[in-house]
Amino acid sequence: MSEHDAPPIAGQPALPPTAPSHHWAGTYLLMPKLAMGLLVVSLISLLWILHRNELDEQRTALIKDILWMEQNLRFHLSGIDDQLSQLGLDLTQDARPGSTFQVRTRHLVKNNAELEQVLWLDAQGRLLDAVPSATTGRQVLEPFGDTSLNSALASAFDAARKLGKPVYGQPYSVPQRGTEIEIYVPVFRNGQVSGMLVGVYSLNNLLNSVVPWWFAEKYQFRILDGNGAVLAAKSNIVGELGLDYRIPFDPPGHGMVLEAATYSTPGNMAQRLLAAVIVVLAAAVSWSLWAIRGHILRRLEAEQALREEHAFRKAMEDSTMVGMRARDMAGRIIYVNPAFCRMSGYSPDELIGTRPPMPYWDPDQMDMHEFQSTRVLAGQSPQEGFESRIRHKDGHMVHTMVYATPLIDASGKQRGWISSVLDITEKKRIEALQRQQQEKLEQTARLVTMGEMASTMAHELNQPLSAIASYAAGCANMLRQEDRPPDRQALLAVIDKLAAQAQRAGRVIRRIYDFVRKSAPQQEAVHLDEVIEEAAGFLEAEAKQRGVVLNLNLARGLPPVEGDPLLLGQVMINLLRNAVEAVSDQPLHRRRVRVNVRASDDSSQIEVRVEDSGPGIPPEQAENLFTPFYTTKAEGMGMGLPICRSIIESHHGHLSLEPREGGGSVFAFRLPREGATMAPDSLSPPASAPVSSPASPPTSTPNATP
């Protein structure tokens, strides 16, 4: 790990080691290239050294061979020269020198192919005899031309006569025979030069007879004059020349040199081919290194990009409030993020590697945790997630929402499951608090309404009780009349009315009792016309006292709704009381409150509209009218309408406010009929629209007061 790498966090995936910079990567990649270059240079140097050694060996062998060849030629010519000298000595001592010359010379010429002709001259250079014969040797004697020896040959003749030993003459060219050279061997008699034997050598024949075949196969052997012109040559092969070496050809001298040149051998070609192959391989390796360098640089760039992406994702995981937990196919935890550690109170080292049961499982819900874990591992986790309560390490409970998805690796194979865990403890606490507050509000509203209803009921009970008292007093008076017997029919009618008033008072008391005992809402089939009539009955006395007319436009035969009749009655009482109070200050002819009931076209909903002809509600007040504790009344608490809306919505309905045409307000609510679901748009919005239900004609209820 370099000094720039951050230390890994326990249990967290460590960042990949820092990739070397491109500068150092280039340096690292330069080393194999330098090594490869040095290897190529070494190989080429080795080949060059081997080539130089081979050239040196060839040159040494060439020098040895040409020295050996020069020695052979010299020995061969010396042998002929000695034979000519011996012949000259025998001619001076023999009685028949002419016969001796012919016999010995013919034998000499026959056994030495390079010897073209042998001449016997006298001391003045005149021809005495020749082999081949002088008569047919006119052509061969052409260089001498009888007495016309050229100056060079004459110089050689004179030199041999003066020196008294064999002297070679200048080479000369003879058409169709090539280059020839002559040797002048003096013949002495009594210590004086009495003649001269001249041997004519053909240089081409000399090379052909003396130079062996293997030498001609190996070298090109030539005799050159002092100007470098080729006098004679022998070679059995044709090809490119290589090394050459020259040595003087003395005797015969006169600037002639022997030259041997080598040919390029197959071995040299193989060596060149090997060098070419090495160069090609070196170029291929260099190209491969260059390609690998590009690949490594691209890989370093990809690794750097991967590190940046990993750091970015790690920062996101560390900063998120959503807990992340990954498990393998066996349920073993393989990864947790800091948010989940904070949620459970355990460190990554304490969680990673653990298998169910997990240490953070609630001991009271172990069966539930086991069931949820099994479903997740089986791939049957609900897509909408599931709630789970875990226990923090310090002991407090944490409510979580868990969403599990498969963990797929880069090859597309599932490695396990990863879960997103949301801490919903605060949400659950707020929901519980809201629920408690709602219950308290409902209790408060019920108490307030109970008080209002109690006062109303007290006023209402006054009538049946007064009527009971009056009917009872009437009965007593009828029974006390002694002058006439009591009218039995009249008495029974009075008693029936007395009983009816008593039953009415009983219902009022029972309603108050049910309300006070805070019984749970009872869901049952409720006919709204009965609820409306009952609520209107409660307010009949107050309405009569304020001079308000209640018109109940009920629709008989509508399907019932499902709900609590007591709560719905509370809603109607609240709406009717608000309407009565709204029109109380209006002129007497405008003190009208009308209740319309209708059904939707498909009879799935029932709508109740409470219309008043009061001053109406300003828009700025209408916006906050359903807000708790907002009221426009000096003595109000601001809870009536919010409670009404809550009750209607708890029955899957909707309560709304709208201005009434001609002045006033309309409070309307819709409820689904029993067994039907709410369809908000199934009712026509206009309040004045005709009711589609089989409603009865508008009539005033018996409780309505004009």
Side-chain angles (χ1 to χ4, degrees), residues 1-48 273-330 332-341 348-349 351-353 379 403-420:
M1 182 178 67
S2 67
E3 59 181 0
H4 303 291
D5 291 336
I9 301 174
Q12 296 293 323
L15 290 174
T18 303
S21 62
H22 287 189
H23 174 71
W24 284 106
T27 303
Y28 293 153
L29 295 176
L30 184 61
M31 298 303 293
K33 289 192 293 185
L34 288 176
M36 189 62 203
L38 292 176
L39 177 62
V40 172
V41 172
S42 301
L43 291 175
I44 294 176
S45 299
L46 178 61
L47 292 176
W48 181 80
L273 181 61
L274 179 60
V277 170
I278 291 175
V279 172
V280 172
L281 290 178
V285 172
S286 299
W287 179 83
S288 300
L289 289 176
W290 183 263
I292 293 174
R293 174 181 177 276
H295 176 72
I296 292 177
L297 291 179
R298 289 192 295 273
R299 181 169 182 175
L300 291 176
E301 293 177 356
E303 289 179 354
Q304 182 64 24
L306 180 61
R307 283 178 52 81
E308 293 177 357
E309 182 69 16
H310 180 80
F312 177 73
R313 290 183 177 275
K314 188 174 185 304
M316 289 181 60
E317 293 177 0
D318 293 343
S319 62
T320 183
M321 299 303 294
V322 179
M324 305 294 294
R325 178 193 61 193
R327 295 191 294 172
D328 58 13
M329 299 302 291
R332 185 185 301 105
I333 294 179
I334 58 177
Y335 168 74
V336 290
N337 72 336
F340 185 82
C341 293
D349 293 337
L351 293 177
I352 292 178
Y403 302 90
T405 56
L407 178 61
I408 309 299
D409 60 10
S411 61
K413 183 179 179 181
Q414 182 178 357
R415 293 182 52 198
W417 300 89
I418 186 167
S419 301
S420 301

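Just so we're clear, the structure is a prediction, and the values are computed from it rather than from any experiment.
Scanning all heavy atoms of the two residues, the minimum distance from Ser420 to Val322 falls at CB-CG1, 3.9 Å. Contact record, Asp318 with Pro338: OD1-CG, 3.2 Å, taken as the closest heavy-atom pair. In plain terms, the two heavy atoms of Arg415 and Ile334 that are nearest each other are NH2-CD1, 4.3 Å. Ile333 approaches Arg325 most closely through the heavy-atom pair CD1-CD, 4.3 Å.
Here the NE2 atom belonging to His310 is positioned 13.5 Å from the CD atom belonging to Glu303, to the nearest 0.5 angstrom. Here the CE atom belonging to Met324 is positioned 8.5 Å from the OG atom belonging to Ser419, to the nearest 0.5 angstrom. Between atom CD1 of residue Ile292 and atom CZ of residue Arg299 there is a gap of 12.0 Å, rounded to the nearest 0.5 Å. Note that the NE2 atom of His295 and the CG atom of Leu300 stand 9.5 Å from one another [nearest 0.5 Å]. Between atom CZ of residue Arg327 and atom OH of residue Tyr335 there is a gap of 16.0 Å, rounded to the nearest 0.5 Å. Taking CZ of Arg298 as the start and CZ of Arg293 as the end, the distance is 10.5 Å to the nearest 0.5 Å.
Of the possible polar contacts, none joining the Thr320 side chain to the Met316 backbone as a donor-acceptor pair under 3.5 Å is found.
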Please report, to 0.1 Å, the donor-acceptor pairs under 3.5 Å made by any side chain of residues 404-412, with sequence neighbours excluded.
unit_1: Asp409; atom_1: OD1; unit_2: Ser411; atom_2: N; d: 3.2
unit_1: Asp409; atom_1: OD1; unit_2: Ser411; atom_2: OG; d: 3.0
unit_1: Asp409; atom_1: OD1; unit_2: Gly412; atom_2: N; d: 3.2
unit_1: Asp409; atom_1: OD1; unit_2: Lys413; atom_2: N; d: 2.8
unit_1: Asp409; atom_1: OD2; unit_2: Ser411; atom_2: OG; d: 3.2

